[in-house]
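Predicted model, so just to flag it, every value in this text is computed and none were measured. So you know, we letter chains A, B, ... as the sequences are listed, proteins then strands, and number each from 1.
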Amino acid sequence: MRVVSGPVKAVRKKAPRGNRLRARKPRGGFTLADVARAVGGRVHGDSGLRLTGVRGLEDAGPEDLSFVADVRHAGAARGSRAGAYLASPATAPERRPAVIVSEPVAALAAWLQVFRPEPRPRPGVRPGARVDRSARLGPGVAVEAGATIGPRARIGARTVIGPGAYVGADVTIGEDGRLHANAVVYDDCRIGDRCVLHAGAVVGSDGFGYVWDGARHLKIPQIGIVRVEDDVEIGANAAIDRATLGETVLGKGTKIDNLVQIGHNVVIGEHSLLCGQAGVAGSTRIGRRVTLAGQAGVADHARIGDGAIATAQSGIVTGAEVEPGTIVSGMPAAPHREFLKRSAWVARLPELARRLERLERRMGEG
Amino acid sequence: MRVVSGPVKAVRKKAPRGNRLRARKPRGGFTLADVARAVGGRVHGDSGLRLTGVRGLEDAGPEDLSFVADVRHAGAARGSRAGAYLASPATAPERRPAVIVSEPVAALAAWLQVFRPEPRPRPGVRPGARVDRSARLGPGVAVEAGATIGPRARIGARTVIGPGAYVGADVTIGEDGRLHANAVVYDDCRIGDRCVLHAGAVVGSDGFGYVWDGARHLKIPQIGIVRVEDDVEIGANAAIDRATLGETVLGKGTKIDNLVQIGHNVVIGEHSLLCGQAGVAGSTRIGRRVTLAGQAGVADHARIGDGAIATAQSGIVTGAEVEPGTIVSGMPAAPHREFLKRSAWVARLPELARRLERLERRMGEG
Amino acid sequence: MRVVSGPVKAVRKKAPRGNRLRARKPRGGFTLADVARAVGGRVHGDSGLRLTGVRGLEDAGPEDLSFVADVRHAGAARGSRAGAYLASPATAPERRPAVIVSEPVAALAAWLQVFRPEPRPRPGVRPGARVDRSARLGPGVAVEAGATIGPRARIGARTVIGPGAYVGADVTIGEDGRLHANAVVYDDCRIGDRCVLHAGAVVGSDGFGYVWDGARHLKIPQIGIVRVEDDVEIGANAAIDRATLGETVLGKGTKIDNLVQIGHNVVIGEHSLLCGQAGVAGSTRIGRRVTLAGQAGVADHARIGDGAIATAQSGIVTGAEVEPGTIVSGMPAAPHREFLKRSAWVARLPELARRLERLERRMGEG
């Protein structure tokens, strides 16, 4: 099956009623010159070479553009049947057509946005969508079937509210954003420009705050909000709790993967990455450009410095401070080198024990 | 931005059509006497002092009430710019206006419920909601746009079924509850009074039960239910599986955080707390007032005694028994003190290995 | 409360408008002969014995059929009050009515499908569902209230699209499948025959792919798809990302539990089991009949051989290769026996340290 196929500008001028604007199996394809122009690269070989798809090195055929991410893939590139490559001077397969760039993955990203622009529904409120009369929609906003927009909500220009999505009362969402199907934003939360919430993502649910009154857990009303800054993306079925008081903050450009949990009052800096199923407990502060790898957990009231990395499944304990730029691993999390050393020694524990026993025997203690 | 702002009783008498009943940026604020009356406290200073918001110690200004949770926050309280405090005799900052109570956090919870009561939609079935004609709705029930209520379902008085939520056939839900947007309750499940399901929470999905028949996994139909007792809260995108036969049970007053997974036939006692991303596999029994911290996992057929605590990311293995009142950590979970000792020794493993080598050298074994 | 109750064939001929076809508290029950015929077993005792329910050993009464899964439950079976048992020759309680089979759990599965067939809504498009005019629905398809089906989507015969579910543009779904409430399939994804997506499950969300351009994370458009083969079941609030290019694949007969995360470009073979909250990062390849237990994590670009098992909370690191048929545990994952040995030695570390100190003292090093 051809997954990727389409020319550069094949967008139908007039979409049939009820359809999306999108390029469907168009003819003609694109040339290496098209690619070079779009990504700011230099053609190596025939600039008129015509291709129709974009595929990975293993799957690509003579009609496909592929890409060589870095030198580790140079061997696979030589073995690929791709018609041409996005590659750096160091990784381009010899005597094969290519568009030469300094950063092949960035160029791939740029080309894919040209090659296969994300389909956007027509502007307007679809039948079956419910928009409160006091809500304000910017120009070009699309509200798809089954979506609900609450009182006094404001949706910025060109933002798409997907099918079944819910935007609560007094929510503001910026321009050029997208809520995918069944995403939910609770009352009062604020979402910046160009933010994407994937299907089922929840922003603004109550923080997990109770106080034991001797007979039951008394709920502490969670009356704060979530503030999501510009250019944030939130993955499918992720959950971001509102603050008890004040704000839970996702900083500009931060990317949150699927099924991530963010507790109340957490503040995350700009351009951080939280990978799948990571979790952050209440009131923790995470700096700029921090990475939490998959299933990593940060307990409450911790501080993670700028640029720090918590590796997969690592666990950072309550109140811990992770220094900027450090890599931590394990549970409880320790500097990554320490973790590797300890793991290696743990693997050798049976041997250490045997050596200890031998010494004991020699000293007459066995 | 002021997040929290509003007087005690500023609820609009007549909400405009399609709007919610809620207090929006009202004037006037509240006095310390109002607070003391609501929480059963004693005013220290000017009981007529007028405030408008409630904020944490760091964010509060002269127009805000703040609170001092315990003695660890006494220093931060002295440094706060708050206009007044909810505090205990031991934590109240000297010579500053305060409402003195024995339990400041419980008093905060009580005051927030007065200060900022949760907005509730008007009773009635909104346009775009679908209620089966055989379903029965109690007085004051609100069914929001896009919600679906199946045949023979019964919804107790004043319960709110949020936008896009789904209540299956033959479900019963008690009084004064709330299903937030896109929450789902499968057929036949039973939900008690005053229960809250946050957005995307799922109650009653099939348990993960298959039997290998030599060629494929044959599904074991999951024909039991989930029974959720009174006063249970279930977090965003949590998933509670129905029993194979019989019931999966969430005991009265138990609180389930976001993205928690509960397998089939699990029984959880009263007033337990399951924090974010915790998971419990099939047929495990959890006692009363148990705490599973974030990302903790309990395998199948385990038993967790009353009052036990499993710390973050701990893993309790199949069939394990955790004694009442114990704290366990690590994977496989061990008593917390053991875990701390072991972790400390693991961190010292490189040193132990060096010492062992030195002895070996001295004994001529190196 | 009786949870399970109903005769073999009590399906109402004509369901009232808006109701489901299902057997509600019917009279009469079933006989051991009915059970034996349905599961291919042999009656031990009175084949005309009449029962009304199916319950577990602990909960069953004289009117219930129960089952004895294996010899470990033989004791509980002797103590049960059940009226009759599904059991093997080795596990059948003496002198008690039983249906004797070689595989009691498979027989239970078969009987439950007869005894309590899953209710299916009437075919047709319910009011409040939105089906694009270019979509094609096979015979017997049901689209429930609030569901949305996009342009050019194709839904196979008898498949049920649940309330609030979303099927994107150009999606194909096979025959006899079911999307439960609020499940989401993004554009272009392909779902096979007899697949079940539980409530809130998301198929086809964007993979987590960015490239740092010096100032921000540039999104790499995710233009691939997810291909779900026949007989796959996906749990509540699970998330399956689409490929960057090409396909993310869930092999035939694979079962995915609640809250599982599958990254982009992952390929999973046939008949694998991924238990609750397991996670698989991008480009990892998982073989046939692999089991990932609860909360297990597999990092990117790893390979898991056929029949391998990763135990609960284990962590398989980037690029790792797990040999076919092996069982791995711990983080970083090691062969299960190694893990058990290491865990045992870690538990004895304080003792080893004491012994080392004693030797040091004797050698005059203390």
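- In terms of heavy-atom pairs under 4.5 angstrom with chain B, the leader among Asn182(C), Leu273(C), Asp257(C) is Asp257(C).
- Only the backbone of Leu274(C) has a heavy atom closer than 4.5 Å to any heavy atom of chain B.
- Contact annotation for Glu103(C): neither backbone nor side-chain heavy atoms come within less than 4.5 Å of a heavy atom of chain B.
- The part of Gln295(B) that comes within reach of chain C is its backbone (N, CA, C, O), which places non-hydrogen atoms under 4.5 angstrom from that chain.
- The side chain to side chain donor-acceptor pair (under 3.5 Å) analysis of residues 336-345 of chain B, with sequence neighbours excluded, yields the pairs Ser329(B)-His336(B).
- Options Glu233(C), His180(C), Arg289(C) differ in how many heavy-atom pairs under 4.5 Å they form with chain B, and the most are formed by Arg289(C).
- Lys255(C) contributes atom NZ, which lies 8.5 Å from atom NE2 of His271(C) (distance to the nearest 0.5 angstrom).
- For Ser314(B), the part lying under 4.5 angstrom from a heavy atom of chain C is the backbone only.
- Using a 4.5 Å cut-off between heavy atoms, Arg130(B) contacts chain C through its side chain alone, with no backbone atom that close.
- Taking both residues in full, the closest heavy atoms of Val167(B) and Ala153(B) are given as CG1-CB, 4.0 Å, listed atom of the first, atom of the second, then distance.
- For Phe339(B), no part lies near chain C; criterion is any non-hydrogen pair under 4.5 Å.
- Look at Asp176(C) and Arg194(C) and you find no salt bridge, because none of the NZ, NE, NH1 or NH2 atoms lies under 4.0 Å from a carboxylate O.
- Interface remark: Ala236(B) contributes no atoms to any contact with chain C (heavy atom separation under 4.5 Å).
- Evaluation of the side chain to side chain donor-acceptor pair (under 3.5 Å) rule for Ser66(C) yields no partner, not counting sequence neighbours.
- Around the CZ atom of Arg303(B), the shell of radius 6.0 Å holds no more than 12 heavy atoms that belong to other residues, nucleotides or ligands.
- Ranked by heavy-atom pairs shorter than 4.5 Å toward chain C, the options Lys219(B), Arg348(B), Arg227(B) are led by Lys219(B).
- Looking at Leu259(C), only its side chain comes within 4.5 Å of chain B, counting heavy atoms on both sides.
- Most heavy-atom pairs under 4.5 Å with chain B: of the set Gly164(C), Gly276(C), Ala181(C), Gly128(C), this distinction falls to Ala181(C).
- Under the side chain to side chain donor-acceptor pair (under 3.5 Å) rule, His264(B) has a single partner from Asp300(B), Thr244(B), Asp241(B), Thr248(B), which is Thr244(B).
- Taken from CG in Leu137(B) to CD1 in Ile149(B), the straight-line distance is 5.5 Å, to the nearest 0.5 Å.
- If you measure heavy-atom distances from Ala293(C) to chain B, you find no contacts under 4.5 Å at all.
- Proximity to chain C (any heavy atom under 4.5 Å) is restricted, for Val184(B), to the side chain, taken from C-beta onward.
- Under 4.0 Å is where a charged nitrogen must lie from a carboxylate oxygen, and between Arg116(C) and Asp188(B) at least one such pair does.
- Salt-bridge formation is detected for the pair Arg288(C)/Glu270(C): a Lys NZ or Arg NE/NH1/NH2 atom is positioned less than 4.0 Å from an Asp or Glu carboxylate oxygen.
- No other option in Gly56(C), Ala110(C), Ala106(C), Gly330(C) has as many heavy-atom pairs under 4.5 Å with chain B as Ala106(C).
- For chain C, the option among Leu349(B), Val202(B), Leu218(B), Val260(B) with the highest count of heavy-atom pairs below 4.5 Å is Val202(B).
- Note: Trp111(C) and Phe115(C) have parallel aromatic rings, judged against thresholds of 30 and 60 degrees for the angle between ring planes.
- Annotation: maximal heavy-atom pairing with chain C below 4.5 Å, among Ala299(B), Ala296(B), Ala147(B), Ala344(B), occurs at Ala296(B).
- Atom CD of residue Gln277(B) and atom CG of residue Asn258(B) lie 8.5 Å apart, to the nearest 0.5 angstrom.
- Top candidate by heavy-atom pairs under 4.5 Å with chain C, chosen from Ile240(B), Thr318(B), Leu352(B), is Leu352(B).
- Ala243(B) does not touch chain C: none of its heavy atoms, backbone or side chain, sits under 4.5 Å away.
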